[in-house]
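Heads up: the structure comes next, in structure tokens.
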Amino acid sequence: MRTWLRASAALALLLGVAACTSSTDSGNGAFRVGLLTPGPISDGGWNASAYEGLQKIASELGAEISNVQVSTPAEFEQGFRDYAQQGYALVFGHGFEFQDPALRVGSEFPETAFVVSSGSVSAKNVASLRFHLDQATYLAGILAASLSKTGRAGCVGGIELPVIQATFDGFVAGAASVKPDFVVATAYTGSFEDVAAARAATDAMIAQGADLVLHNADAAGLGVFQAATAHGILAFGSNRDQSEAAPDTVLASAVISIPEAFLQVAREVKEKRFQGRVIEEGLANGTISLVMNPRLASRVPPEVKAKVTEAEEKIRRGELQVKTK
Amino acid sequence: MVLESFLAAGLLLATPILLAALGELLVERTGVLNIGVEGTMLAGAFAAALAASASGDAGLGALAAVGMGVAVAALFAGATLFLGADQIIAGAAINLLALGATGTLYRALLGGTGAPLLLPSLPPLPVPLLADLPFVGRIFFSQNAVVYLAIVVVPILAALLSRTGLGLRLRAIGDHPAAASSLGYSVRAHRFWATLVGGALGGLGGATLTLAATNTFVEGITAGRGFVALAVVVFGRWSPWGALAGALLFGLASALQFQLQAAALSIPYQAFLMLPYVLTLLVLVVSRGSASAPRALGTRES
């Protein structure tokens, strides 16, 4: 009797969970868009922007949306496969780490479009959005070198990904264009969620003389802002306008208009003119920008602002290439 | 300035791990292996964040964290001690539950894309005369109440375990539950209360993260510290002083690696990230003494 009770309870639980996760039949022809994020969408940064993009696609193109947070490469592939099997028209893999799984699953499901953020691969049905955030951090570097009194700044990153290193390289290059001997220390905490570690890393940099910091650590970036606020120095945000995160500390943010970029691609897919390719997004087409915090605008003298504007124009026209290793 | 920053950071990074390790050490001494420390810390961190942001008082946040830690531990104890679930599986389930629940609640309360949460911090409590000492004063004697508590718990727990009748019973249950039970001691009751106290300390460790080491909450803010605490318990050979040494070693090594990264040396950052773990391994290898795990660790009541 007991065994039967347990067995049926387990069965009921399984069926209940399966019912919650099963999808509706894709036969009704709805435009369905999925998103896979490597981190929580509540991070106020990289993943949050992707979610905003998804919501924009839902509201402006009437798509049915779904998003899943995945943490391991096996899960990346499984996530892509699940969406493709359910007949999704478009799936975003939000991060450089999704590019190989996208290619693999893309070859099995030619009817679904796969888009990788920060990727550099393409196939017939796979496109990559290459965000040249380093162009914006180059401008931030100009600001840093011009405003720093100690000649030293710090960069704090989460996990070392080539795209993140590229943004730091851009920052260093921008600073060097103003002051060739400007020192930039870089630290990686190994986690995009470990706020305490990011704060400790920033504290260490400030103790060693940095008076401006740039972060590219998603949710952990809050720790960088906290340390900067505690020591009264300025910081730069990334991926999204983070002025409200620390209104008296964030001088500017290197922003990627991810929602717009996502919307454009989704429109292509919906109108059946999607082509697999690497889509370059930079200052020139407006997806990348350095957004100043209006509250701290007075901290930037006019001649520094002019330098930034000049560099921005040069990058837009293609005269200046931001060198990243 | 650098040395001061390094030592202060080391202490602050060590405290959550120390608290969780002390709690877990008590639990493991009675023979229960609770690997859900990470989940307990995260739940405590979230409860602290909620309470502190709602009330504006960090102290209330700390209390809420303790309460949440006890609740999570009660869940674990209920599953393993009363329903006979496997301890490892139950612990792993707690970790998953905490991650999912805190994430879901955080998004429900603060909006899907999150808003940077600014929490009140635990105020520093300078020790009257000692805080004025030139260098040590600022680092060691101007910490917040929870740091002092963590340090004070070490000798208290050590004395409890080695010098009291209760401690003897707890250790006996951890080594040989059948013998203890044959003498009329309730194995289950001792383990239950020990698990709850362990949970309380773990939750408080989580509160230190959101109210002292940082002043915010993000999903997954514990970032594996619970598992480090588990390692620290073994490293410290299940003794409170050992746990203190382990937590301090880990905290200081973490602080050191950040100072080294900040020095802009051209050494790959991965070498620095490895530092705390490598140091821990080195000390383990070099120091002698057998690992004295409670002999009945992880087994059910006989």
At their closest point, which heavy atom of [X] faces which heavy atom of [Y], and how far apart are they?
| X | Y | result |
| --- | --- | --- |
| B:Phe258 | A:Tyr188 | CE2-O, 4.4 Å |
| A:Ala207 | B:Val2 | O-CG2, 3.6 Å |
| B:Ala213 | A:Ala196 | CB-CB, 4.0 Å |

Walk me through it: do B:Thr216 and A:Val195 pass the test side-chain contact (heavy atoms from CB on, under 4.5 Å)? CA-CA 8 Å; B:Thr216 188; A:Val195 186; 3.8 Å; yes
Heavy-atom distance under 4.5 Å to chain B: side chain of [X], backbone, both or neither?
| X | result |
| --- | --- |
| A:Ala197 | both |
| A:Gln69 | side chain |
| A:Thr186 | backbone |

So which part of [X] gets closer than 4.5 Å to some heavy atom of chain A, the side chain, the backbone, both or neither?
| X | result |
| --- | --- |
| B:Gln270 | side chain |
| B:Leu209 | side chain |
| B:Thr214 | both |
| B:Ala263 | both |

Do you know which of [options] has the most heavy-atom pairs under 4.5 Å to chain B?
| options | result |
| --- | --- |
| A:Gln242, A:Met205, A:Glu244, A:Glu193 | A:Glu193 |
| A:Ala227, A:Cys155, A:Ala200 | A:Ala200 |
| A:Asp203, A:Thr189, A:Val184 | A:Thr189 |

Measuring from atom OG of A:Ser42 to atom CG of B:Leu117, what distance do you get when rounded to the nearest 0.5 angstrom? 11.0 Å
From A:Ile41 atom CD1 to B:Arg107 atom CZ, the distance as rounded to the nearest 0.5 Å: 4.0 Å
Worked verdict on B:Asn215 versus A:Arg199 for side-chain contact (heavy atoms from CB on, under 4.5 Å): CA-CA 10 Å; B:Asn215 291 102; A:Arg199 186 170 181 168; 3.2 Å; yes
Leading residue by heavy atom contact count with chain A [cutoff under 4.5 Å; candidates B:Glu4, B:Gln261, B:Gln257, B:Arg225]: B:Gln261
Among the listed options B:Gly220, B:Ala255, B:Ala8, B:Pro16, the residue most often paired with chain A at heavy-atom distances under 4.5 Å: B:Gly220
Could you tell me whether a side-chain N or O of A:Gln208 sits under 3.5 Å from a main-chain N or O of B:Gln259, the two making a donor and an acceptor? yes
